[in-house]
Amino acid sequence: MAAVKKASKKKDVKIISGILSVKTTDNNTMIVLTDKEWNKVLWWGTWLLWYKWAKKNTPYAAEMLTKSILKDAQGLWLKDIWIVFRWAGMARDGVFKAINEIWMIDIMYIKEETPIQFGWCKWKRPKRN
């Protein structure tokens, strides 16, 4: 007889306060929930909600994405979050709307980490004679 392999149990993770890192680009929205040491606990993207093409960067898709990740996080005893935004996209309003609808989680801190574009201006091409 073949030995039956037992399913391994997941580690019970409990986080009281976490960091919600939101990356909103022109084409997509990704949300990562980490603990205070930046260890990844949950992560979602709009592709996991079966949004495709232009629907991935809408505020509604970001709202549904935030609701789904925060409902999973409530099972991990999450009470307060820090929010870190990266890049500029339309999804920021949807994230705040979803957090306000789930009233059991408090916002402690909001930070903007969009990188500044570096480099220099493009020089003019020399004229062709």
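Side chains are part of it too, since the values below use all heavy atoms of this structure and drop only hydrogens, waters and symmetry mates.
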Answer with yes or no whether the hydrophobic clustering places [X] together with [Y]; edges join I, L, V, M, F, W, Y residues whose side-chain heavy atoms lie under 4.5 Å apart.
X     : Y      : value
Trp38 : Ile110 : no
Phe85 : Tyr109 : no
Leu76 : Ile107 : yes
Trp43 : Trp82  : no
Leu65 : Ile19  : no

Answer yes or no: is there a side-chain heavy-atom contact under 4.5 Å between [X] and [Y]?
X      : Y      : result
Asp80  : Ile105 : no
Pro59  : Lys97  : no
Leu42  : Val32  : no
Val22  : Val95  : yes
Glu112 : Arg92  : yes

Reported [atom1]-to-[atom2] distance for the pair [X] and [Y], which is rounded to 0.5 angstrom:
X     : Y      : atom1 : atom2 : value
Thr34 : Leu20  : OG1   : CG    : 8.5 Å
Leu78 : Asp72  : CG    : CG    : 11.0 Å
Thr24 : Met30  : OG1   : CE    : 9.0 Å
Glu63 : Glu101 : CD    : CD    : 5.0 Å
Thr29 : Met64  : OG1   : CE    : 13.0 Å

- Query: Do Asn39 side-chain atoms and Asp35 backbone N/O form a donor-acceptor pair below 3.5 Å?
  - Reply: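 Such a contact is absent between Asn39 side chain and Asp35 backbone.
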- Donor-acceptor pair, Thr114 side chain versus Trp87 backbone, under 3.5 Å?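 Such a contact is found between Thr114 side chain and Trp87 backbone.
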- Look at atom NZ of Lys23 and say whether more than 12 heavy atoms of other residues, nucleotides or ligands are closer to it than 6.0 Å.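 For Lys23, atom NZ is not crowded (no more than 12 foreign heavy atoms under 6.0 Å).
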- Would you indicate whether Lys71, at its atom NZ, is surrounded by more than 12 heavy atoms from other residues, nucleotides or ligands within a distance under 6.0 Å?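 Not more than 12 within 6.0 Å, no.
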- Task: Give the intermediate values and the outcome of side chain to side chain contact (heavy atoms under 4.5 Å, CB included) for residues Ser17 and Met108.
- Result: CA-CA 9 Å; Ser17 62; Met108 302 303 284; over 6 Å; no
